[in-house]
**Student:** 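Please read through the structure below; I'll follow up with questions.
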Amino acid sequence: VKDIPESIVVITQDLKECLFLNNSFSEVFSTNTISDVWSRIEQFELQDNHREEKEKEIERYKDSKIFKKFMENAVRKWSQSRNQEKLSCNLSYTRPHLSPNDSNQIAIFEAGVIPIIWDEQSAIAIILHDITEQHTILSLKVADAQKDALLATVSHELRTPLNGMLGIIQIMQRQIKDKELLHFVNICKNSGNLLLALVNSILDLNQIRANTIKLYSGRIIHEELLNE
């Protein structure tokens, strides 16, 4: 227990005294004395994206993000039930020795809170597993998916007015007889088509990422392409 990679600390069930901490806890939280443990634990905050789920698991104040409050309610629940099962939550911890601009300043831990007997007295074992890297990867994937969804939505919204403008330009092409004005209208049409092609390219990019793109063969008139 002393040397396993997970950070472990044991406290009395009245949350007033620390009984044990292993080497990993000392290294991760820069403390080697039991008296300093509370100053670290009091900095733990519950992760918002897990609070709703955990509130179904254990009652606590909805506006509380403090891990200590989570433990207080855990002790209350255990005292009212014979089934003293393990409870879990995700925590964040801000490393005080790192600058706010350091991407490693905030660490994320998966915490297990377990009622145990330690030296013939009721106690709580807190086991912390560092999931900072997994959390970062998941956050990047979520951000990437949101970006793709935004691009797809914006692209669709842009195509609607563009198609309306191109439709009006086609009507003007049929009705305008003056060659100089018709030349300007053609420039507007070509620019609109280029813009529409760019918007469609954004949609194509999203379809490529989703493996849903369909390819079609077509004829290209090089003279018209050069004129554009």
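Positions are given from 1, in the same order as the sequence printed here. Keep in mind that what you see is a predicted model, and the values were worked out from it rather than measured. Reckoned from all heavy atoms, side chains included, excluding hydrogens, waters and symmetry mates.
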**Student:** Are any of the side-chain heavy atoms of Val75 and Asp14 separated by less than 4.5 Å?
**Tutor:**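 No, every pair of side-chain atoms sits at 4.5 Å or beyond.
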
**Student:** Any chance you could measure Leu158, atom CG, to Leu195, atom CG, to the nearest 0.5 Å?
**Tutor:**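 If we round to the nearest 0.5 Å, Leu158:CG and Leu195:CG are 7.5 Å apart.
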
**Student:** How long is the span from the SG atom in Cys188 to the NE2 atom in His183, to the nearest 0.5 Å?
**Tutor:**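 Result: 10.0 Å between the selected atoms.
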
**Student:** Between Ile8 and Leu21, is there a side-chain heavy-atom distance shorter than 4.5 Å?
**Tutor:**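 Counting from C-beta outward, Leu21 and Ile8 never come under 4.5 Å.
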
**Student:** Sub-3.5 Å donor-acceptor pair from the side chain of Ser79 to the main-chain atoms of Arg76, do we have one?
**Tutor:**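 Indeed, once roles are kept as given, a pair shorter than 3.5 Å links the two residues.
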
**Student:** So Tyr93 and Phe44, would you call those rings parallel, tilted or perpendicular, with 30° and 60° as cut-offs?
**Tutor:**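 If you compare the ring of Tyr93 with that of Phe44, the planes turn out perpendicular.
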
**Student:** Tell me, do Glu6 and Leu128 make a side-chain contact under 4.5 Å, heavy atoms counted?
**Tutor:**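 Glu6 does not reach Leu128 side chain to side chain.
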
**Student:** Side-chain contact test, heavy atoms from C-beta onward, threshold under 4.5 Å: evaluate it for Thr12 versus Gln121 and give yes or no.
**Tutor:**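 The answer is yes; the side chains approach within 4.5 Å.
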
**Student:** Is the shortest side-chain N to carboxylate O distance from Asp144 to Lys141 below 4.0 Å?
**Tutor:**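 A salt bridge is absent here (no side-chain N lies under 4.0 Å from a carboxylate O).
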
**Student:** Do Trp78 and Val113 have side chains that approach each other closer than 4.5 Å (heavy atoms only, starting at C-beta)?
**Tutor:**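 Yes, at least one pair of side-chain atoms sits under 4.5 Å.
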
**Student:** Using only heavy-atom distances, determine whether the side chains of Ser24 and Asn22 contain a donor-acceptor pair under 3.5 Å.
**Tutor:**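 Result is no, nothing qualifies.
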
**Student:** Rounded to the nearest 0.5 Å, what separation is found between the CD1 atom of Ile127 and the OG atom of Ser88?
**Tutor:**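 Taking CD1 in Ile127 and OG in Ser88, the distance rounds to 11.5 Å.
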
**Student:** So do the side chains of Cys18 and Val10 get within less than 4.5 Å of each other, counting heavy atoms only?
**Tutor:**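 Cys18 does not reach Val10 side chain to side chain.
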
**Student:** Looking at every non-hydrogen atom in both residues, tell me the closest pair between Ser7 and Val28 and how far apart they are.
**Tutor:**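 Smallest heavy-atom distance, with atoms named: OG-CG2, 3.8 Å.
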
**Student:** What's the shortest heavy-atom distance between Leu182 and Gln173, and which atoms?
**Tutor:**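 Distance-wise, the nearest heavy atoms are CD1-O, 3.7 Å.
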
**Student:** Quick one: closest heavy-atom pair of Arg174 and Lys177, and the distance?
**Tutor:**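 Heavy atoms of Arg174 and Lys177 come nearest at O-NZ, 3.7 Å.
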
**Student:** Please walk me through it: do Phe25 and Phe20 pass ring-ring contact (aromatic ring centres under 6.0 Å, His included)?
**Tutor:** CA-CA 10 Å; Phe25 190 97; Phe20 169 82; 9.7 Å; no

**Student:** Kindly work out whether a path of hydrophobic side-chain contacts (I/L/V/M/F/W/Y, heavy atoms less than 4.5 Å apart) joins Ile187 to Met165.
**Tutor:**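 Result: no, two separate clusters.
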
**Student:** With His135 as reference, evaluate Asp130, Leu140, Ile108 under the side-chain contact (heavy atoms from CB on, under 4.5 Å) test and give the passing residue.
**Tutor:**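 Of all the options given, the one that passes is Ile108.
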
**Student:** Are Leu138 and Thr136 packed together at the side-chain level, in the sense that at least one heavy-atom pair is separated by less than 4.5 angstrom?
**Tutor:**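 Sidechains of Thr136 and Leu138: no contact.
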
**Student:** Would you say Ile116 and Leu19 are hydrophobically clustered, going by side-chain heavy atoms of ILVMFWY under 4.5 Å?
**Tutor:**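 Linked within one cluster.
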
**Student:** If you take all heavy atoms of Asn193 and Leu166, which pair is closest and at what distance?
**Tutor:**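 Nearest pair, atom of Asn193 first, then Leu166: OD1-CD1, 3.5 Å.
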
**Student:** For Ala74 and Leu87, work out which heavy atoms get closest and say how close.
**Tutor:**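 Ala74 and Leu87 have their closest heavy atoms at CB-CD1, 3.6 Å.
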
**Student:** Evaluate Ile11 against Met71 for side-chain contact (heavy atoms from CB on, under 4.5 Å), listing each step before the verdict.
**Tutor:** CA-CA 11 Å; Ile11 58 177; Met71 290 194 297; 3.9 Å; yes

**Student:** Is any side-chain heavy atom of Pro115 less than 4.5 Å from a side-chain heavy atom of Gln13?
**Tutor:**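 Result yes, sub-4.5 Å side-chain heavy-atom pair found.
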
**Student:** Are Leu181 and Ile169 grouped together when hydrophobic residues (ILVMFWY) are joined by side-chain heavy atoms under 4.5 angstrom apart?
**Tutor:**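 Yes; tracing contacts between hydrophobic side chains, which count when under 4.5 Å, links both residues.
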
**Student:** What is the distance from atom CD of Gln170 to atom CD1 of Ile168, rounded to the nearest 0.5 Å?
**Tutor:**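 Reported to 0.5 Å precision, the distance equals 10.0 Å.
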
